[in-house]
Asker: 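What follows is a single structure, and I will ask about it in a moment.
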Amino acid sequence: MAELVVGGAQMGPVQRADSRAIVVARMIALLERAAAAGVEMLIYPELALTTFFPRWYMADPVEADAFFEREMPNAATAPLFARARELRIAISFGYAELTPEGRRFNTAILTDRAGRIVGKYRKIHLPGHSEYDPERSHQHLEKRYFEPGDLGFPVWRNAGVVMGMAICNDRRWPETYRCLGLQGVELVVIGYNTPSVNSLKGSEGLERRMFHSDLSLQAGAYQNATYVVGVAKAGIEDGHRLMGGSIIVDPDGVVLARAETEDDELIAAPCDFAACAFGKSTIFDFARHRRPEHYGRITAQTGATVEV
Ligand code: CDT
């Protein structure tokens, strides 16, 4: 069974005017800090290379193309891949993907410790809305700029560990973790950009939103007997605050490490993946205890129907 020192590279804000070169230099600085801490697998946030541009309404979605990557690695990110390879650190980070066919996804990739991309995930649970909404304190136009991911929830064996990815809003959905759990996942990595206030419900403050993030990540870990790492892009970005709260959670649902700032910050924890076996072979031994004959509604319908 594998052991790995796992790190979360929380990032402070990326402003709209920041170049990819500036952002990648910050990511490399975090990678160097991770190497000094003995980290072997490092997770960066969702849409790590740019500002969280879905907060901006652009009448023609093509105007947003400047925020998208047409290939990965590319000229801007090549130095990050090269340094990760030299340091033998596997990495995962999120970016906006524009495919050769002109499709747009909110994507994350996973590399092995030799800097090769071994996995790709495209965000499935896209939150927000697709048209300008004057009722909101800020826009959240992910449904405008991205289409839902088309790759499902795959896992990969990487550095001896069964790994899966999810992105931000996916962390709130038990379906995400269970699809990965049913493939024996041992490490789920999740980058996020979460506004510190709810755009429609101004009273829902930071403390409650942090609680919801922790609750989701810890429940997903415990209920699937897997390590889960949630990593924020945080701080005041283009005048809008994003929450921090990056955490590493063990298969018991216990938080092993937590970021304290809203800036570039490294968290790390040694993870012994043998610890996943206990939950997977006892209370969450899916083969013995699941009752899928009663779960048909999970895939047969989306909205709740009240029939009584
Ligand atoms: N990036 C992302 O998915 N953020 C969402 C905010 C939802 S509010 C429309 C999240 O779940 O954190």
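Atoms within a ligand are numbered from 1 in the order they appear, just like the ligands themselves.
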Asker: With hydrophobic residues grouped by side-chain heavy-atom distances under 4.5 Å, do Met163 and Leu256 end up in a single group?
Answerer: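 Hydrophobic grouping puts Met163 with Leu256.
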Asker: Can you tell me how far OG1 of Thr77 sits from CD1 of Ile28, rounded to the nearest 0.5 angstrom?
Answerer: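 OG1 of Thr77 is found 9.5 Å from CD1 of Ile28.
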Asker: Taking only residues two or more places apart in sequence, or in another chain, which ones meet Arg33 in a side chain to side chain donor-acceptor pair (under 3.5 Å)?
Answerer: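 Here no residue qualifies.
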Asker: Could I get the full list of side chain to side chain donor-acceptor pair (under 3.5 Å) partners for Arg208, not counting sequence neighbours?
Answerer: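 Result, side chain to side chain donor-acceptor pair (under 3.5 Å) vs Arg208: none returned.
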Asker: Run the salt bridge (charged side-chain N to carboxylate O under 4.0 Å, His left out) test against Asp252 and tell me which residues pass, sequence neighbours left out.
Answerer: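 Expected list: none.
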Asker: Are Asn224 and Phe284 packed together at the side-chain level, in the sense that at least one heavy-atom pair is separated by less than 4.5 angstrom?
Answerer: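 Heavy-atom side-chain distance check fails, nothing below 4.5 Å.
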Asker: Name the residues in contact with ligand 1, where contact means a heavy atom under 4.0 Å away: which are they?
Answerer: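 Residues Glu46, Phe52, Lys123, Pro127, His140, Glu142, Cys168, Asn169, Arg171, Arg172, Asn193, Thr194 each place a heavy atom under 4.0 Å from ligand 1, listed by chain and number.
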